[in-house]
Amino acid sequence: MSSASLPIRLPVCGVPHAATVRRLLQRVDGDALDAAISGRDHPIAVEARLNLVGTYLAADRPDEAIALCERSLSDAERLLGTDHPTTLAARSNLAHLHAQTTSAQEVIPLLARAAGDCERVLGPAHPYTLLALGNLGLAYSGAGRHSEAIALLLKTVSYARRLGRGHPDYMAALRSLAWCYQEAGRPDEATSVMERFAAEVLESGAHDSETISALFPLVGALFRAERGGAAIDLLERLLTTVGEALGQDHPQTLQVGDALAYCLLQTGRARDAIPLFERSAAGYERRLGRHDGETISAWGVVAIAYTEADRVGEAITLLEALVSESARELGADHPAVREVYETLAIAYLKAGRYGAAARAIGRMTGGTLRRRWGWSRRG
């Protein structure tokens, strides 16, 4: 079971590394600090090594991560006991690490033990327990045991709900449940769960990038179910929430605004989409500069919206100015410039200016040929 196949969350590593450093400075004497650094036996040293496991994993060094985690688990059991929270974290980590390199079916016993121990010792709503149960449910799903996965994750959602609306562990449980419904071929139920997730996001005001990105598949699912109005309503409310929290030029705000504008364009509401696209392009320009590739592409999208709204003349004026300036600053072979040439050619065609369209296509394809084979018109 690879990390790409299942959205298993990162392992629990006691406390975050920075917090561990602060605790070392505030609470331990010189001998304990030396133990943490040198690797000698000390509970704090075990916790420090356990934090290092995540660093190895993030650096794509799984063999070293597994070896260190096995050592940390052995040390934790010996020094702290089998039911200490740090021992439970180490056991969960080791199961998670094996999930990166082992089939789902093979890793399930490890995950099941970790989840059972956490639930028995720490209680059902403890963060370690919820993480372990969620990972076990996802492993069941990866092994094709969808009924067991869904039953377990429904229980996990009920546990996590005790933590309060909008709690990160509750949100994570909802996402895992929706994923398992989708994998089980039950898209309507997956969509229903994600709508609960969206309601929690809007209620809590959550606006981190991971949470917002998780909502975009829901938008697609609503469109596939011919519920475009619900998708647009969700994005409008989300844009208000994110914009108020982060500001109108923040990347997250621009991303949500773009998604809303594309949905409006897809439903034939080009005129309503245009102000959003214009605001987004202006935001990219303020944040990245006028000649950045993303800014140029954003203004190109504005021109497409103009064309869809039968404002072809404005689209051509914008694109001609854009291609002249961007080609001068970035060169005719820059991907963003070629993109503008393509959009300009389409606008010319829609306006019936076939000669101008041919010239724009020629500049675009000439740039491609020069880039690939060193061809030029004069050569």
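Numbers here are sequence positions counted from 1.
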Checklist entry - Going by distance alone, is a donor N or O of one side chain under 3.5 Å from an acceptor N or O of the other, for Trp299 and Glu285? => result yes
Checklist entry - Are Leu174 and Val219 co-members of a hydrophobic cluster defined by side-chain heavy atoms under 4.5 Å apart? => result yes
Next on the checklist: Is there a path of hydrophobic side-chain contacts, each under 4.5 Å between heavy atoms, that joins Leu254 and Leu264?
Outcome noted: no
Checklist entry - Are Gln252 and Ser209 linked by a side-chain donor-acceptor pair shorter than 3.5 Å? => result no
Checklist entry - At their closest point, which heavy atom of Ala95 faces which heavy atom of Val107, and how far apart are they? => result O-CG2, 3.4 Å
Checklist entry - Out of curiosity, does Leu202 fall in the hydrophobic cluster containing Leu222 (side-chain heavy atoms, cut-off under 4.5 Å, transitive links)? => result yes
Item to check | Polar side chain donor-acceptor pair, Arg175 to Tyr170, under 3.5 angstrom | outcome: no
Checklist entry - Side-chain contact, heavy-atom cut-off 4.5 Å: Trp179 with Leu138? => result yes
Checklist entry - Is the shortest side-chain N to carboxylate O distance from Arg271 to Glu308 below 4.0 Å? => result no
Next on the checklist: Any non-hydrogen side-chain atom of Leu330 less than 4.5 Å from a side-chain atom of Ile296?
Outcome noted: yes
Checklist outcome for this item: Hits for side-chain hydrogen bond (donor to acceptor under 3.5 Å, both in side chains) against Arg224, two or more places apart or cross-chain, chain-then-number order -> none
Checklist entry - Hey, are Glu119 and Tyr128 close enough side-chain-wise for a donor-acceptor pair under 3.5 Å? => result no
Checklist entry - Between Ile346 and Tyr262, is there a shared hydrophobic cluster once you connect ILVMFWY residues whose side-chain heavy atoms come closer than 4.5 Å? => result no
Checklist entry - Is the closest side-chain donor-acceptor distance between Glu183 and His146 under 3.5 Å? => result no
Checklist entry - Side chains of Asp188 and Thr191: donor-acceptor distance under 3.5 Å anywhere? => result no
Next on the checklist: Please say yes or no: joined through hydrophobic side-chain contacts below 4.5 Å, possibly via intermediate residues, are Val340 and Tyr284 part of one cluster?
Outcome noted: no
Checklist entry - Going by heavy atoms in the side chains, are Pro251 and Arg287 under 4.5 Å from each other? => result yes
